[in-house]
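As structure tokens, the structure follows; a few thoughts come after it.
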Number of protein chains: 4
Amino acid sequence: MPSRTPDAGRRSETSRRAIYAAALGLVEETGYPKTTIEGIAARAGVGKQTIYRWWGSKADVLLEAFLDLGEQQAAGEAAPGIPDTGDLAADLKLVLRATVDNLLDPRFDGPARALSAEGLVDEKLGRAVVAKLLEPNFDLYVERLRSARDAGQLRPDLDPRIALELFVAPIAQRWLQRTAELSYGYTDTIVDYALHGIAPR
Amino acid sequence: MPSRTPDAGRRSETSRRAIYAAALGLVEETGYPKTTIEGIAARAGVGKQTIYRWWGSKADVLLEAFLDLGEQQAAGEAAPGIPDTGDLAADLKLVLRATVDNLLDPRFDGPARALSAEGLVDEKLGRAVVAKLLEPNFDLYVERLRSARDAGQLRPDLDPRIALELFVAPIAQRWLQRTAELSYGYTDTIVDYALHGIAPR
Amino acid sequence: MPSRTPDAGRRSETSRRAIYAAALGLVEETGYPKTTIEGIAARAGVGKQTIYRWWGSKADVLLEAFLDLGEQQAAGEAAPGIPDTGDLAADLKLVLRATVDNLLDPRFDGPARALSAEGLVDEKLGRAVVAKLLEPNFDLYVERLRSARDAGQLRPDLDPRIALELFVAPIAQRWLQRTAELSYGYTDTIVDYALHGIAPR
Amino acid sequence: MPSRTPDAGRRSETSRRAIYAAALGLVEETGYPKTTIEGIAARAGVGKQTIYRWWGSKADVLLEAFLDLGEQQAAGEAAPGIPDTGDLAADLKLVLRATVDNLLDPRFDGPARALSAEGLVDEKLGRAVVAKLLEPNFDLYVERLRSARDAGQLRPDLDPRIALELFVAPIAQRWLQRTAELSYGYTDTIVDYALHGIAPR
DNA sequence: CGGTAAGCGAGACGGTACGTCATGTCTTAAC
DNA sequence: GTTAAGACATGACGTACCGTCTCGCTTACCG
């Protein structure tokens, strides 16, 4: 009975961390397409089999490495929610400006872009990326919008899950597809348009 | 400047068309990652060198093939603009419903998704994809929105280039990243929210 | 010195033998120029890299395969020296007749001719061919001639290394360059001329 | 009626000479294997088809070019025969020393070696090389040896066609196969051994 | 506490595709 | 009608990675 699942208890923590570091480093330095499993293994000082034993693909490795990186950074930070000062417009503008800063940081841009790209074409990976990277953020927006709606600051019949896309999708598109420049002025305008509509009042 | 440029006058039209057909066929049947230049050449009955002579990469081939396909289809069709019945909301809902239909057509989805994915990671290709696939469409929205604005149906200070993203980006995100289902109800809602804002009136 | 040398201990004996067989078979069936490394790999059921890992060129492979073939055949045979019955002329005639038989055997002719040809033009290979195919045979002649000289049957000042060429080179030339037919009568004549000179006695 | 043979009358003399020069130059500079028909055409400023129209292979071109070179040099030189001073040994030593000089001249060595190599493996070419390069020389030896025999300086029953190989083949082998160094002392010894035999007198 | 089975680094293996090069055929325009 | 030019289908080149495998080794765990 050839067991298909390796024994996670015996797994080498050192190797795992080295693989994460190697994967992130290579993607940042040489780009995702030129990053190879052989290259990761070599840089991590690890046998190829150790990677194949624990991950299914190059993208899997990178996704985990990237998530780990996120946890690492999030460790010593403030509460993860969207601030609620009562002024929805101001809160959204603040958060979106921070998002822009994040998106333009090459440490984030490289892996996130690569994972997104791979996810477009590989459905399974795409769903994982969405579930682990996007959904948690979306949930924060939903929560904040729902609270604003309940405070009477938004249409009472509003669907927050849809509404959040008005803020998030335009920015994501400019970032991912490079359709135009990202700037604070731009994100502020988006908040304004989305909140009050583009029709005359 | 001893350019390596081949003589386009001598180019074989037959081969070019065969390569387009092979590329589109293979992407549809086996997916983009499994589509190889060798495979395209073989199916097109063409030497590999003929591909390398005229294109720089697999993605380049597919982009041209896809554009050619678009022109082919557009040949016998109506005017390409967004309708202008005077009712902006209705016009937008109509167009966006048609867009959804288009996005869900596997003949379109396969290549367009693959090109988008590659473009995320390959900046040069990405810019080409945006310029040739997205911009022309964006221009139509700009035109329609500007006309509505001039007719007093939109804020007089509106920036149409930004405004169009409220309609287009959410749909693009749902399609590309599979963040949620695309439906007519959804696009109608987007038009509603974007036109009149999510705040109470 | 980070040599690229692979680990010979891990080498696959099976593959090596399959490659030898494929190389010899293809050369015999299709000729050396039409024999390709890809073809050898395919027939041997082996990856190309396995050939490139261990050999530097098609000719290298064939040389080793041919040497291996020689060892295989020599395994169950008599002593490899030139017979010494005391009658030098007879001994030489016998050996040279056997050599002619060997040269005309297509199993030998194909590879040996190909290696010789490649060796003419590729100096490194040429030296290897001479060292591994010719020199060992030459040494046998040197030994036999020296013994005859010490027995007073040859000039006391004779240089055996030069003398052997009188027997060997004419035959080699007829075989390799096809300058004329090889026959027992011919080799007998060569022995006669070389031993006693072409001048009247 | 597609004529198979091109009209030699219209042939471009300029191109032919340019091709000869290019072929010889490339073989000398880069070696025969790296010399390509495309390379010859490019250096000669000639279309590939012009080469394919008049020659059957790279080796054919080189053979003709090399023969042409020989004729060029032979134009302003002395009678081509082997001298006949009455002293056969001296005459042969002289000629063989000159032969050695010739063989070691890189202008000769390059093409001659390449043609010989190709001829070993390509029988048709080999026969042409022998007929055009070797036979004419052999004939000179036959003539000289026959004259010496008729003058009583050689065995009356001697076969000159065989005898000449005692002089020529050893030198050819040392040159082509690099089995040992060529020197005047060596050729003198060969003449001595061949004339008087290696047995004691 | 000594035996054994797992994970591990290493890397050879059969494959597939890469991008390049040369082959020999063909077409075009210029002379 | 030959020529220079060069596009074309073909096919081998040598390289890079893929994912699988086998080798000793070290390192727990268990009997």
Side-chain angles (χ1 to χ4, degrees), chain A residues 3 6-16 18 34-42 44-54 56-58, chain B residues 6-12 14-15 18 33-42 44-54 56-58, chain C residues 5-12 14-15 18 33-42 44-54 56-58, chain D residues 3 6-12 14-15 18 33-42 44-54 56-58:
Chain A
S3 121
D7 178 349
R10 299 209 161 198
R11 184 167 182 184
S12 160
E13 182 66 11
T14 318
S15 296
R16 212 192 64 206
K34 295 194 148 181
T35 298
T36 65
I37 292 198
E38 294 210 329
I40 295 172
V46 139
K48 279 200 289 179
Q49 200 55 244
T50 299
I51 296 184
Y52 284 109
R53 182 155 30 233
W54 301 107
S57 70
K58 175 170 70 155
Chain B
D7 179 349
R10 297 255 158 120
R11 183 165 182 183
S12 161
T14 317
S15 296
K34 293 194 150 181
T35 298
T36 66
I37 293 199
E38 293 210 328
I40 296 172
V46 138
K48 274 199 290 180
Q49 201 57 32
T50 299
I51 297 184
Y52 284 110
R53 190 166 13 245
W54 302 108
S57 67
K58 178 171 66 157
Chain C
T5 329
D7 178 349
R10 296 261 157 114
R11 184 165 183 181
S12 160
T14 317
S15 297
K34 294 194 148 181
T35 298
T36 66
I37 292 197
E38 293 210 329
I40 296 172
V46 140
K48 276 201 288 179
Q49 203 56 34
T50 299
I51 298 184
Y52 285 111
R53 188 162 19 241
W54 301 109
S57 68
K58 178 171 67 158
Chain D
S3 115
D7 179 347
R10 299 214 163 202
R11 181 167 184 185
S12 160
T14 319
S15 295
K34 294 192 148 183
T35 298
T36 66
I37 291 196
E38 295 210 328
I40 295 172
V46 138
K48 278 199 292 179
Q49 200 54 243
T50 300
I51 296 183
Y52 283 111
R53 190 167 9 248
W54 301 108
S57 70
K58 176 170 70 156

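Below, chains carry the letters A, B, ... as their sequence lines are ordered, and counting in each starts from 1.
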Expressed as a whole number of angstroms, how long is the span from [X]:[atom1] to [N]:[atom2]?
{"X": "D/I40", "N": "E/dA22", "atom1": "CD1", "atom2": "C1'", "value": "12 Å"}
{"X": "A/I37", "N": "F/dA16", "atom1": "CD1", "atom2": "C1'", "value": "14 Å"}
{"X": "B/I51", "N": "E/dA17", "atom1": "CD1", "atom2": "P", "value": "14 Å"}
{"X": "D/Y52", "N": "F/dG6", "atom1": "OH", "atom2": "C1'", "value": "13 Å"}

Would you kindly check if the NZ (Lys) or CZ (Arg) of A/R11 is within the cone defined by 45 degrees around the ring axis of A/W54 and under 6.0 Å from the six-membered ring centre?
-> yes
How do C/A44 and B/K58 order along DNA chain E: which one's closest nucleotide is nearer the 5' end?
-> C/A44
Closest non-hydrogen atoms of C/I37 and C/K58, given as atom of the first, atom of the second and distance, are CD1-N, 3.9 Å
If you look at every heavy atom in B/A18 and B/A44, which pair is closest and at what distance?
-> O-CB, 3.6 Å
Please tabulate, one pair per line, all N/O donor-acceptor pairs under 3.5 Å involving side-chain atoms of residues 45-53 of chain C, not counting sequence neighbours.
residue, atom, partner, partner atom, Å
C/K48, NZ, C/E38, OE2, 2.8

N/O-N/O pairs, protein side and nucleotides 11-13 of chain E side, under 3.5 Å:
residue, atom, partner, partner atom, Å
E/dA12, OP1, C/D7, N, 2.8
E/dC13, OP1, C/S12, N, 2.8
E/dC13, OP2, C/R53, NE, 3.0
E/dC13, OP2, C/R53, NH2, 3.4
E/dC13, OP2, C/W54, NE1, 2.7

